[in-house]
Structures are given as C-alpha cells and as structure tokens.
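These notes concern the structure reproduced below.
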Amino acid sequence: MTKIIVFCLGLVLIGLIIWWFLLPHATTMATAQVQDQQQVVDVQVAGGYDPETVVLRQGIPAVLNFRRSDPSSCLDHVVFPDFGINQALPQNQVVPIKIDTQTAGEYSWACGMDMFHGKLIIQAAQEE
C-alpha cells in the first residue's frame, strides 16, 4: 500500500512540475495612460508581477511603481538588463523606476534570481 501511495504522489508532483514550468499561464497586461506628459503604471509584486506585461508609448517619459508585499527574498530586487537597472524593492514600499522609452521594442525584467519575469513593450510612436 505504501508503494502505491508513493507512486501516486510522485505522479502528482511530476504533473505539477510540468504544469508550472512547461505549460503557458495566463498573464496580466496593462497599457499606460498618458497624464501630464508622463506614463505611470503600478506593478504589484506578490508571488510574481501584476501586471506581467506593461505597454508604454515611445518617447513619453514613463515610471513603473513597484510595490512588493511578498516577503520572499527572490523578489527583493527587480532587474531590467537592457536598461542597466538592478533595483532593490523593500517590502511594503513603493519604488518608482524611470524607464527610457526612446527606443521601441520588447524588453524583459526579472527578479534578482531570474525566476519571475515580466515584459515591457514600448510601442513605436504613430506617424500623424
């Protein structure tokens, strides 16, 4: 009987590992609204990032306000490698991070251990 229980638990754990690492998960997205010639998006840090994808407009100054409520040491930093940003995120504090929006494209960010990720999309300015 013990062997059957261990076997079943092993199958369940394998299924959870496959689900967690290999299958796509729903992600949240936010598009910044321009107010007073600036784009601002609030990002909650709790077991990951919410929203995980942030859309900004090119050429308009932007600030992402990170607020970490998660006590995990993995999420105590956010790293934007393309912008040279490695910012500490003290728990229960809002940390504004200025983003250079001059170059359109897709950029990633991650926690300090590179386990949780987010995506920043800077959309090209529309010609009028």
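FYI, the numbering just counts along the sequence from 1.
One distance of note links CD1 of Ile121 with CD of Gln58; it measures 14.0 Å at 0.5 Å rounding. Rounding to the nearest 0.5 angstrom, the gap separating the CE atom in Met115 from the CG atom in Leu75 is 8.5 Å. In this structure, His77 NE2 and Arg68 CZ are separated by 9.5 Å, a value rounded to the nearest 0.5 Å. To the nearest 0.5 Å, atoms CD1 (Ile122) and CG (Leu56) are separated by 6.0 Å. Atoms CD1 and CD, on Ile60 and Gln102 in that order, are 10.0 Å from each other to the nearest 0.5 Å.
In terms of heavy atoms, Gly118 sits closest to Tyr49 at N-CD1, 4.4 Å. Looking at every heavy atom in both residues, Val41 comes nearest to Pro51 through CG1-CG, 4.4 Å. For the residue pair Phe116 and Cys74, the shortest heavy atom distance occurs at CD1-SG, 3.9 Å.
Residues Val63 and Gln38 have side chains in contact (heavy-atom distance under 4.5 Å, counting atoms from C-beta outward). Contact of the Arg57 side chain with the Thr101 side chain is not registered, since no non-hydrogen atoms from C-beta on lie closer than 4.5 Å.
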- Task: Please assess Asp42 against Arg67 for the test side-chain contact (heavy atoms from CB on, under 4.5 Å), listing each intermediate value before the final yes or no.
- Result: CA-CA 8 Å; Asp42 294 330; Arg67 179 176 173 77; over 6 Å; no
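No donor-acceptor pair under 3.5 Å is formed between the side chain of Asp50 and the backbone N or O of Gln44.
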Using residues 104-114 as the side-chain source, report each donor-acceptor pair under 3.5 Å to any protein atom, sequence neighbours left out, with the distance given to one decimal.
from, atom 1, to, atom 2, distance (Å)
Tyr107, OH, Thr103, O, 2.9
Asp114, OD1, His117, NE2, 2.9

Which donor-acceptor pairs under 3.5 Å do the side chains of residues 89-97 make with protein atoms, sequence neighbours left out?
from, atom 1, to, atom 2, distance (Å)
Gln91, NE2, Ser69, O, 3.1

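When hydrophobic clusters are built by joining Ile, Leu, Val, Met, Phe, Trp and Tyr residues whose side-chain heavy atoms come closer than 4.5 Å, directly or via intermediates, Phe83 is grouped together with Leu64.
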